[in-house]
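To start, the structure under review is shown below, and the notes come after it.
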2 protein chains.
Amino acid sequence: MGCPGQYGYIGKVSSQRTRGVGAAHDERQHQIVDAVLALIGEQGLDGISLRDVATKAGVSLGRVQHYFRTKDQMLRAAFERVNDLGAALVGQRLADAGDSSPRTVIRAIATELLPIDDLHRHALQVGMAFTARALVADDFAARLKAGYGELHNLLVLLLTTARDAGDTRPDLDIDHEARLLLSLIDGLSTHTLIGHHTPDTALAVVDTCLDRVFTS
Amino acid sequence: MGCPGQYGYIGKVSSQRTRGVGAAHDERQHQIVDAVLALIGEQGLDGISLRDVATKAGVSLGRVQHYFRTKDQMLRAAFERVNDLGAALVGQRLADAGDSSPRTVIRAIATELLPIDDLHRHALQVGMAFTARALVADDFAARLKAGYGELHNLLVLLLTTARDAGDTRPDLDIDHEARLLLSLIDGLSTHTLIGHHTPDTALAVVDTCLDRVFTS
DNA sequence: AGCAAATCAAGTCAACCGTATCGGAATGGG
DNA sequence: CCCATTCCGATACGGTTGACTTGATTTGCT
């Protein structure tokens, strides 16, 4: 889970080179999904047609249909991909952080979940499109919930570490605190996307909140 | 602004009874828009067709098209209506609150912005659908921004009152605090809609946050 | 009463959609 | 070399969509 480039929607596990050209299978699938994500960022999740995707990817409609038997499968693959991409970004941040303080790590994660540049803005925009769809598609909601669950567990781990090190009040309700942080970051992200405040302000608000959690 | 029953999309200001049947004009328009909102809650913003709306409202397609020349106008009217409805709900809460303490009022507002029952859940679900659309439609974003701006100003006012009364730390950064609260509530609302936590948990998190803002 | 505007059901249309099908090219194992 | 398999471009089809047109009916004002 969370390994980029591995989506199981075709039944096999990864690049297999069984028959035919086979070799560049994943790469071409990848290219189509990227076109889908780009279009979602431009026009939203709906209003996307298979023909638009084909044009954007620079391939024929037939090819798109070859890799995704239905439109639903295609969108599902795009959803998986944006989830994997997000997980990869956060994972990279975690790896880079090394043994920094919990507060530093949490702030780094927050930075990764805010639209601080065009790349993040686009990814979050796509994420919000899928979130809106999750409200009427239960399986999408389940996947999203799992993702938030992972982030929640990560925050719980970090906060526990901090508390044990004496960097927070000893009676800190860690579960509530993790929910608060994650919800706050998500809300700030949405409001920043809308333009209600700037990325800088959003980060400052995160810092304000962290000031109140950490004692050191 | 925010007065329910008054939408300016037809050019006149309110019920005018100029010619023809005239009298029930607003009422019928209202009925159609309500069908739109119901459908958005069921299937999302897209995937809605004029024929679906007509069926849901129990009227003919011709009637729908008579009151809204284009689909875009219809959706825009629905957007205005859900905004007005939300403003009315918050306004009612404010009126009911009378001269309660700022903390109580803020908590009441938060309650109104969380999916605590089916009515609120549906309204917030519709709101999120429009928020997703606002990411690719600038005018929708502008309207949303204005709404958040009003809520922000309201929170600033309440927090200032509390600070002047000595119920908060005197050096409280009110602007940041208002942004924090509003973003938190919005994030909690989204996460609750997804099912990441329950309305009760969300309210408890709000209380946790308020505990940290108010000293009394 | 009579006129004009408002109302609105029904039908039509062109555009676009997702999907299915077909035919052939490319490919690599046997 | 051969053939099964993958790949994929081209084309077509049935269905739905938003928009438009038409004509009948209703309503309020004079």
Side-chain angles (χ1 to χ4, degrees), chain A residues 7 9-33 35-36 39-40 42-79 133 137, chain B residues 7 9-33 35-36 39-40 42-79 133 137:
Chain A
Y7 344 113
Y9 34 68
I10 221 59
K12 303 292 175 58
V13 174
S14 69
S15 171
Q16 66 268 30
R17 186 191 303 264
T18 54
R19 289 291 170 81
V21 67
H25 180 97
D26 285 7
E27 197 175 343
R28 281 187 286 242
Q29 210 164 24
H30 195 105
Q31 175 192 16
I32 295 173
V33 171
V36 174
L39 282 177
I40 292 177
E42 291 173 15
Q43 353 174 343
L45 208 159
D46 301 273
I48 281 190
S49 72
L50 295 179
R51 287 166 179 85
D52 286 344
V53 172
T55 302
K56 187 78 174 183
V59 303
S60 73
L61 174 60
R63 187 189 269 203
V64 175
Q65 286 191 284
H66 175 70
Y67 284 97
F68 303 102
R69 249 171 312 186
T70 67
K71 185 182 182 179
D72 189 67
Q73 277 186 19
M74 185 183 74
L75 292 180
R76 223 164 278 272
F79 183 45
R133 163 145 304 194
Chain B
Y7 344 115
Y9 35 69
I10 220 62
K12 302 292 174 58
V13 174
S14 70
S15 170
Q16 65 266 30
R17 187 192 300 264
T18 56
R19 290 292 169 81
V21 68
H25 180 97
D26 286 8
E27 197 175 342
R28 280 187 287 243
Q29 208 164 25
H30 196 106
Q31 176 191 16
I32 295 173
V33 171
V36 174
L39 282 176
I40 291 178
E42 292 173 16
Q43 355 173 339
L45 208 157
D46 300 273
I48 282 189
S49 72
L50 295 178
R51 287 167 178 84
D52 286 344
V53 171
T55 302
K56 187 78 175 184
V59 301
S60 73
L61 174 60
R63 190 159 173 164
V64 174
Q65 289 192 293
H66 174 71
Y67 283 98
F68 304 102
R69 251 173 309 184
T70 69
K71 185 182 184 181
D72 189 67
Q73 276 186 20
M74 185 184 74
L75 293 180
R76 222 165 278 272
F79 182 46
R133 163 144 304 194

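First the proteins, then the strands, lettered A, B, ... as listed; each starts at 1.
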Nearest-angstrom distance from the residue atom CZ of B:R28 to P of C:dA6
13 Å
Side chain of B:H66 - closest among C:dT19, C:dT7, D:dA19
C:dT7
In B/S/- notation, 5' to 3', how is nucleotides 10-16 of chain D contacted by protein heavy atoms closer than 4.0 Å?
--B----
Calculate, to the nearest 0.5 Å, the distance between atoms CD and CD1 belonging to B:Q65 and B:I32 respectively.
10.5 Å
Does a nitrogen or oxygen in the side chain of A:R69 sit under 4.0 Å from OP1 or OP2 of C:dG18?
no
Measure CG/A:D26 against P/D:dT6 and give the value in whole Å, please.
15 Å
Whole-Å distance between C:dG11 C1' and B:R63 CZ?
19 Å
Within a strict 4.5 Å, meaning less than it, do heavy atoms of the B:V64 and B:R51 side chains meet?
no
Of all the nucleotides listed (D:dT17, D:dC8, C:dT19), which has the minimum atom distance to the side chain of A:Y67?
D:dC8
Rounded distance in Å - CG (A:D46) to C1' (D:dT17):
14 Å
Reported CZ-to-NE2 distance for the pair A:R28 and A:H66, which is rounded to 0.5 angstrom:
8.0 Å
I'd like to know if the side chain of A:Q43 and the backbone of A:I48 have a donor-acceptor N/O pair within less than 3.5 Å.
no
B:L50 has an atom CG; how far is it from atom P of C:dT12, in whole Å?
19 Å
Rounded to whole Å, please give me the gap between CZ in A:F68 and C1' in C:dA20.
19 Å
Tell me the interatomic distance from B:K71, atom NZ, to D:dT17, atom C1', rounded to whole angstroms.
8 Å
Could you tell me the separation between the CG atom of B:L45 and the CG atom of A:L45, rounded to the nearest 0.5 Å?
12.0 Å
Do A:V33 and A:F68 make a side-chain contact, defined as non-hydrogen atoms from C-beta onward lying under 4.5 Å apart?
yes
